[in-house]
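If you're wondering where the values come from, they're calculated on a predicted model, not measured in any experiment. Chain naming here is simple, since letters A, B, ... match the order of the sequence lines and numbering starts at 1 in each. Quick note: numbers below take in every heavy atom, side chains included, and nothing from hydrogens, waters or symmetry partners.
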Amino acid sequence: MNLRVKFTKEGYLKFISHLDMMRLFDRAFRRGNIPIKYSQGFNPQPKISIANPLALGIESQAEFMDVELNERMPEKYFIDIMNNELPEGIRIIDAKYVDDNNIVSSAVGWSYYEINVKVYNVEDIDFIKGFIDKWLMNTEILMERTRIKKGKEIKDIRNIRPLIGNVTVAEHDKDIRKGTEHELKLYCLLKSGDSGNLKPTDFLMAFKEYTGLDMDIEMADIKRLNMYLEVNGEIRSPM
Amino acid sequence: MIDKISFDRALKRVEKPARYIGMEKNSIKKDLEKVDIKFAFCFPDVYEVGMSHLGLHILYNLLNNEGYIACERVFAPWADMENEMRKEGIPLFSLENKEPIRNFDFVGFTLQYEMSYTNIINMLDLGNIPVYSKDRKDSDPLVIAGGPCAYNPEPIADFIDFFVIGEAEEIILDIMKIYREHKSNGFKRLEFLKEISRLEGIYVPQFYDVFYKEDNTIDRMEPIFDGVPRVINKRIIKELDKSYYPDKLIVPFIETVHDRIPLEIFRGCTRGCRFCQAGMIYRPVREKTVDTLVKLAEKLADSTGYGDISLTSLSSCDYSQLRLLVSKLISKYKEKQVGVSLPSLRLDSFSLEILKEIEKVRKTGLTFAPEAGSQRLRDVINKGVTEKDLETAVTYAFEEGWSTIKLYFMIGLPTETKEDVLGIKDLGYKVKNIFFNLPKEKRKGNLKITLSVSCFVPKPFTPFQWIGQNSIDEFYEKINLLKKEIRDNKITFNYHDPQISYLEAVLARGDRRLSKALYKAWELGCKFDGWSDFFDYEKWMEAFNKTGIDADFYALRERKTDEVLPWDFIDTGVDKKYLIAEYEKAKNGTLTRDCRLGCNNCGINRSFLGGVC
């Protein structure tokens, strides 16, 4: 019995890692007596799988996970019981039994983010819109990435352009402009999943490198607004 | 509340920000405007260590059960967070309401190990609370402390307004009631301290003067007011089975040292190991009944969702109904995928049978503590295990499929010779041979033996409280000897840093003159001294030099048994005469029987009526 669950991760809970989330759900299932399936072996683990784990510090309005249950329980019961057990900041907002064998963690292909980031030393924030459009006209955007495999640092250069979908800059209220310091609000659709993955911070990094803008990426507020599957060239909700 | 914007900025820059956010399941956040007393429970170490401490959970829930008290948690911020806090001007705060600790009525520290003392100073400073007790005004919080290290409170006497000696579950509420009255009538620090100094178990260091002899030893300690007790009796819970135990525990988001339900099955220990402070100060043994424990386990499992119940005590295999308890718990929780574990195993056959029950669930590494390498030395310390016990235990373990064994030892025990030290190596090799002497089809996995050696630190209220510790050089000689002799790829040899153990020995048996050295060490940047990546021996030596303290006087000097010791004014219920007799027996290698086999007249059952031991 595969239950697909949509939940949020907001406020200070954005500082909880993926591993912490797995533990947190395991304990909430136990407290709520949810008939969750466990793996075999000496160290049984609950059969849950969370799609495209968030990096530490990023909020989300729409996370997805698949939960294997031993017996069917009404979706509403599941939601109510779990929300009673989960901390403020993590809310289950939807649950639905799915019969496809394609578990959500391998099915998800895209994530849609809202990014708020401070930009310094810019006269007019409208410039940035133009920058982005021009940047995305490139068919190739190269970025170096460092990965650690078997304790060794591996550097490679990849083209991230195919990993970037729509990018829009939100309209800004003229009042919030304070001299040359601006709060930039961006919406972007980025690949996230087994068939390519671009972290929103890497997206910002590449953009910063291209434009030379003085941007405080470390302090950026990033929120995932939704996640999508890609089916025959179209995107749709996992639920 | 602290400034949220600066706090958010800080969180984005630090490692493991979840250490500082609170909000865990079963944490309690009250409206601070609506309570009479705000109590900050401070653990002078990082979150993951502090959250694994049972006493925190007991007192947190006990205090919060009272509607008029809000108890909130405070931990030492890790160095990265401390930097951010100092940069952003964020004072030390509680996790629940993010309230600066200087707005609390009580700031209470639990003293679990001596090496956390500089963190106390650092936390007070980060909280904008005057570090020295004498500098605090009526408007400042009361800084109090308790826990095992409070049995020698003297090294931190200058910083703490009062200590609670012994088990605090009962007295803490008495203190709160008295404080509430004082607060409603206009709190005066001195008057409050005078009143509670008359309660049993309360020690107010500023009410005593200490006089020294020319040789720097203590001449006497005098109360400065009439009515202040000369001797402080430890507090004890007489009926542990009926005493308060929480049915909820805070469940951390991040992994902590002990990520499980701690089920305290008894207090005290009857073994009488002569090096062990816990075995002396927690007397007498008081067990909880199986009924109480099964009920508690059920409530705790339901309220936490933990997957593991750990039976905790000083020597869990000594619990009189262990088999019954274990089988009840296991049969009840097998279905729910909740395991049961026993953290302190002994090397006897009984333990192994229990192990058989438990091992059905999980097969992690096994740990035994022979403590010394030779039978002679094990007799000196009254560790009642034999080489035969070890052989039986590991043979059984290997046959049952274990292949990772860890053995704990101490070096620097009284009367130790080179042969005793080499005995550690011999035991390691013996274990290896046992494994390879098994028929091949019976061996499972890859053999891994770890010999872990720590440096003995003599502690107050033990029969070894008078002995001089080995010098750092002596420790290194023994370590190097073992390093040279242990050459086997199946055997790993670990050892503790002798410099840390030396400092621990100074602080454990120090007097109140050490307060100024602690302050100086903190000024020089010492903190998290129990963490080898922070510990800075040179800075400590500089602190001792600058404050005119001879550290060897405290660590290395052998005391005469008639010397006035800094902690002599505390009565743990165990007679000093008994400790002296044990000290003498140790020198001859004479064993003292387990108290369960007959009373050894330590004095505890005269001092605390009602204790069964």
Side-chain angles (χ1 to χ4, degrees), chain A residues 9-48 54-59 70 81-91 116-118 183 201 216-222, chain B residues 4-27 29 47-48 81 84 95 98 248-256 259-261 299-309 333-339 359-364 401-402 445:
Chain A
K9 191 184 181 203
E10 294 175 299
Y12 288 134
L13 272 294
K14 70 181 172 191
F15 292 119
I16 306 294
S17 74
H18 173 60
L19 227 77
D20 298 333
M21 288 291 281
M22 299 290 279
R23 257 198 311 267
L24 181 148
F25 277 120
D26 180 21
R27 288 166 188 167
F29 292 142
R30 287 169 188 277
R31 291 195 298 264
N33 283 313
I34 303 286
I36 187 96
K37 212 177 242 178
Y38 277 87
S39 65
Q40 301 292 309
F42 278 119
N43 198 6
Q45 295 294 318
K47 291 226 176 186
I48 53 177
L54 279 176
L56 215 65
I58 298 182
E59 291 186 273
N70 280 322
I81 292 173
M82 288 299 285
N83 280 342
N84 199 25
E85 295 301 337
L86 290 168
E88 177 194 332
I90 296 179
R91 294 289 91 185
N116 284 286
V117 62
K118 277 210 168 73
E183 186 84 34
T201 42
D216 193 352
I217 296 177
E218 191 193 26
M219 286 294 121
D221 282 321
I222 305 175
Chain B
K4 204 176 159 294
I5 294 167
S6 351
F7 180 54
D8 285 0
R9 253 198 314 265
L11 288 181
K12 284 187 179 168
R13 293 200 181 101
V14 299
E15 161 192 1
K16 296 194 190 174
R19 284 167 171 166
Y20 313 105
I21 64 175
M23 301 170 68
E24 309 94 320
K25 182 78 189 174
N26 299 330
S27 59
K29 187 175 164 184
Y47 177 88
E48 297 93 302
M81 184 61 171
E84 295 297 329
L95 293 193
K98 314 280 181 298
K248 281 183 180 146
L249 300 167
I250 299 169
V251 187
F253 292 124
I254 58 174
E255 198 170 1
T256 57
D259 239 341
R260 49 189 176 239
I261 296 171
K299 284 184 190 158
L300 288 168
D302 286 349
S303 67
T304 61
Y306 273 126
D308 215 341
I309 299 171
Y333 290 109
K334 221 159 128 191
E335 285 299 300
K336 288 189 147 188
Q337 305 283 356
V338 176
E359 58 152 312
K360 289 174 200 152
V361 192
R362 242 160 256 178
K363 214 163 251 175
T364 45
W402 270 277

(request) Check each atom of A:Leu56 against the heavy atoms of chain B and say whether the ones under 4.5 Å are side chain, backbone, both or neither. (result) side chain
(message) Can you give me the closest heavy-atom contact between A:Arg30 and B:Val338, atom names plus distance?
(response) NH1-CG2, 3.6 Å
(message) Is it the case that over 12 heavy atoms from other parts of the model lie below 6.0 angstrom from the CD atom of A:Gln40?
(response) no
(request) Report the distance from atom NZ of B:Lys12 to atom CZ of A:Phe15, rounding to the nearest 0.5 Å. (result) 6.5 Å
(request) Go through the atoms of A:Tyr38 and report whether side chain, backbone, both or neither lie under 4.5 Å from a heavy atom of chain B. (result) side chain
(request) Check for a donor-acceptor pair, side chain of A:Arg31 on one end and backbone N or O of B:Asp302 on the other, with a separation under 3.5 Å. (result) no
(message) Is it true that, when you exclude B:Lys248 itself, more than 12 heavy atoms of the residues, nucleotides or ligands shown sit nearer than 6.0 Å to its NZ?
(response) no
(message) Taking side chain as everything from C-beta outward and backbone as N, CA, C, O, which of these in B:Ser27 sits under 4.5 Å from a heavy atom of chain A? Side chain, backbone, both or neither.
(response) neither
(message) Quick test of your reading of the model: are B:Arg13 and A:Glu218 salt-bridged, counting only N-O distances below 4.0 Å?
(response) yes
(request) Mind ranking B:Arg9, B:Met23, B:Lys25 by heavy-atom pairs under 4.5 Å with chain A and telling me who comes out on top? (result) B:Lys25
(message) Counting only non-hydrogen atoms closer than 4.5 Å, does A:Asp221 touch chain B with its backbone (N, CA, C, O), its side chain (CB onward), both, or neither?
(response) both
(message) Nearest 0.5 angstrom please: A:Glu85 CD to B:Ser303 OG, how far?
(response) 9.5 Å
(message) I'd like to know which of A:Lys14, A:Met219, A:Glu88, A:Met21 tops the heavy-atom pair count under 4.5 Å against chain B.
(response) A:Met219
(request) Over all heavy atoms of both residues, which pair between A:Arg23 and B:Ile254 is shortest? Give the atoms and the distance, please. (result) NH2-C, 3.7 Å
(message) Do the side chains of A:Arg27 and B:Asp259 get close enough for a salt bridge, i.e. N-O under 4.0 angstrom?
(response) yes
(message) Is it the case that atom CD in A:Glu10 sees more than 12 heavy atoms from other parts of the structure closer than 6.0 Å?
(response) yes
